[in-house]
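Each chain gets a letter, A, B and so on, in the order its sequence line appears, and its residues count up from 1. Remember, predicted model here, so these are calculated numbers, not experimental data.
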4 protein chains.
Amino acid sequence: MIHTIDLNCDMGESFGTWQLGHDDALLDLVTSANIACGFHAGDPATMERTVKAALAKGVAIGAHPSLPDLQGFGRRAMAISPSEAYGLVLYQVGALSAFVHASGGRLHHVKPHGALYNMAAQDAPLAEAIARAVRDFDADLILMGLSGSELLKAGENLGLGCASEVFADRGYETDGSLTPRNLPGAMIDDEDMAIARVVRMIREGLVQTRTGQNVRLKADTVCIHGDQPKAFAFAQRLREVLSKEGIAVKANRVK
Amino acid sequence: MIHTIDLNCDMGESFGTWQLGHDDALLDLVTSANIACGFHAGDPATMERTVKAALAKGVAIGAHPSLPDLQGFGRRAMAISPSEAYGLVLYQVGALSAFVHASGGRLHHVKPHGALYNMAAQDAPLAEAIARAVRDFDADLILMGLSGSELLKAGENLGLGCASEVFADRGYETDGSLTPRNLPGAMIDDEDMAIARVVRMIREGLVQTRTGQNVRLKADTVCIHGDQPKAFAFAQRLREVLSKEGIAVKANRVK
Amino acid sequence: MIHTIDLNCDMGESFGTWQLGHDDALLDLVTSANIACGFHAGDPATMERTVKAALAKGVAIGAHPSLPDLQGFGRRAMAISPSEAYGLVLYQVGALSAFVHASGGRLHHVKPHGALYNMAAQDAPLAEAIARAVRDFDADLILMGLSGSELLKAGENLGLGCASEVFADRGYETDGSLTPRNLPGAMIDDEDMAIARVVRMIREGLVQTRTGQNVRLKADTVCIHGDQPKAFAFAQRLREVLSKEGIAVKANRVK
Amino acid sequence: MIHTIDLNCDMGESFGTWQLGHDDALLDLVTSANIACGFHAGDPATMERTVKAALAKGVAIGAHPSLPDLQGFGRRAMAISPSEAYGLVLYQVGALSAFVHASGGRLHHVKPHGALYNMAAQDAPLAEAIARAVRDFDADLILMGLSGSELLKAGENLGLGCASEVFADRGYETDGSLTPRNLPGAMIDDEDMAIARVVRMIREGLVQTRTGQNVRLKADTVCIHGDQPKAFAFAQRLREVLSKEGIAVKANRVK
């Protein structure tokens, strides 16, 4: 059996005069780019430039919608209703898709950003609203979210293709959730161990939790943190190991 | 020869808790609705509600993109570059179109709002950028703008269907432009005269200017000012007269 | 013993072209105006106009700072840190105070708005940060908050004058908190009963809870809901009854 | 006669997660810091941090108010009315001043940012409104603007202390205005020449224009461009030369 994996990275997170990330370099290493849509980052010019760069390198383009919070970079949870979530996802996906379409491409997936991603992992009605917005826009889009999350359950219920995201550098709990950042073991700092864990998640669908058990985990895509200085070097090493292990790196397939 | 005319109105200009306009009533009288896209008015919930109301009444839906200026309601001119204009029109048209598509409809036209409308009437490079954004999004969309404007010239050059907008309540200059609001004769307050002028523009393609000449003017659509208290009564009277005159009221035809 | 009470109302909650509330009428009936500072409502022009109107009628002026959420009118809880709360309160209080000062007045109090008010009632570190921002700006300002709240405890700890706010139209729980809106008894719809409850809170410092007990409650100021159609009539009746009962209506005294 | 000069630099132009400038290094070289107030850059946390850093190094603090345009960094001209200018300057000066006051300092000056600076240099009614906002907030503040500008004329008319700003790296026209950037000679790239020009402006009050004439120019403060990579090295060299020439570097004196 041939294993494949997608590597995804958040991109287009500059805003106006402010630059962030190393998109051009990382586009050579990842297979999916989640592009900010203006609510946490990403003005129209940044969106256009990032879309064109991703298309030029054949990287699959996703919309990366967020809570409306430029100042907090979309990282602050906000008590929005499911209907508000539906509206802001549909709005942002439509806006980003316009740039993809105008450049001759096609939108491939949607991955919520930051606090919206975390809220959608645990809050079923919110997850349903987000998945419905994606489905109503284009039922062929892939919904990307935390492996085992409410968001992906909602996507599957609505018939969407779903991509389960795993993290190389994060600890896991017995229920498959990420270890909260304030607990020991939340971060996997040893890169060799992080990469070995990814390989095992892809091959065996298993990860060892903080407390030593093995739990099942679906792994369709690995998150590359574009805002971290070591991201490029880590992605390079990860790709080398994946190659040696015979694991193909490519974007998840759209229906 | 049977004459036809479109009546268009700006709509969806509420924002969050703040309500504006009389959209539901006016949707019974107009044939085209230009719906705000979030930059001068129109949060996602308002956009969704307005799109659904227009679809329910069979009114043609247009995107109504604006300069980014909630506080000034998009009415303050702003020195943006053509490339910035391209980006903000594409962004907003994509966002509004997502709501139309999700509700089972199809976007029909694009009409810039406020200061962007005025700037695009006179500034050829800006007009070209806006028309190109519309064309790149969907070459079958109708571009709506001031009759005789640079915007419509740009649209025609790019092969877009164009709708020439005229104003019942405004004076005209010899070059076909609107009489500036600080000059006498800028506003036509007499409703009978305003309606008679519209009928003549439709029938004969002529309007009498402030200084008494007759100038040619293409009239595909008449602007109904939704934010004015008398808008509903005026639109009713206008429709009655148009009906008596044998002029059909319907949206402009998409290619 | 002569009892006194303050009547306060949120004001200046228009934004740009959008109008809200009946500030001019209500300024004749209340003794404290909490004026929006731009984050949930209130552009600079609205702030200036409202400040001048309050000064002209001798109404005490408070800053009404909010979470940064125009679209949600500051009503959506947001996971901000105490240090973020400190910054946004200081920013908004400074901005509003500038208009008061420029018009020859002096800022009198600060009352957080909407979700920030509710969060500050229960979250002690957030309450401390807000109270500290008020103290650091001007230690003579009065901090207005829910009677019995963490916010007022924090204000007292920092030596601020505090005004305990009560609600005529809301039910109370045994711990002195407001009855959640989804429970029966959350709203007191009978105006006579609402007014009688206010009088008792002022005179006896007691309120009957949803479950029938009497609990102690400090009442320095009563909230008049400016956004409700009946607000003016209710405030008039309340003032008549207070007058008959010999309760003086005036703003709380600054140190 | 002992000559003195102020060196000023725009600071605090980060926003949320986005970092900009080299404030800490430049605070060792300049004597006045113009701190962004949230409209083109500068969230509350950035404002607080920058104010504290400037106070710690004894640098005079100015408010740096802007047009409301985060996306365009306040660099896009916008058709605002004088009364709108008054409101947005008062709002931002009040907000920044609150952070200065809370940290135990006192606001020293106001310098408009970007497009607002340029508009205020040429538009007398706008200049008057801005100067009046500064005066109404605190008549002891220094108004900083382009040497010879309408803004400084308006400030003097209102009795404000004014600081005339000159640019080391810009060409000048015969009327004392800056050479437009699209003309040859707009930028003085030779650092030795730039410094020599500054020394002459301070000593003799003269500058040679693009076309070779000498024109009078008042020089109270020199702009250091904090966003340019060479800013630190240039400011160091400038200070060395000023020291050799016996020109004292210090902030302009408040009344």
Quick check against the 3.5 Å criterion: does Ser147(C) have a side-chain atom that pairs as donor or acceptor with the backbone of Glu165(C)? no
Smallest heavy-atom separation, Lys111(C) atom then Asn8(C) atom, equals NZ-OD1, 3.2 Å
key: Within-4.5 Å side-chain heavy-atom neighbours: Ser164(C) and Leu152(C)   = yes
Heaviest contributor of heavy-atom pairs below 4.5 Å to chain D, chosen from Pro68(C), Cys37(C), Gly104(C), is Cys37(C)
Of Asp6(C), Thr221(C), Asn34(C), the one forming a side chain to side chain donor-acceptor pair (under 3.5 Å) with His109(C) is Asn34(C)
Against chain C, residues from residues 78-97 of chain D with at least one heavy atom under 4.5 Å, in numeric order, are Tyr86(D), Gly87(D), Leu88(D), Leu90(D), Tyr91(D), Gly94(D), Ala95(D)
Near His22(D) NE2, under 6.0 Å, is it more than 12 heavy atoms from other residues, nucleotides or ligands? no
In this structure, OH of Tyr117(D) is separated from CD1 of Ile130(D) (nearest 0.5 Å) by 11.5 Å
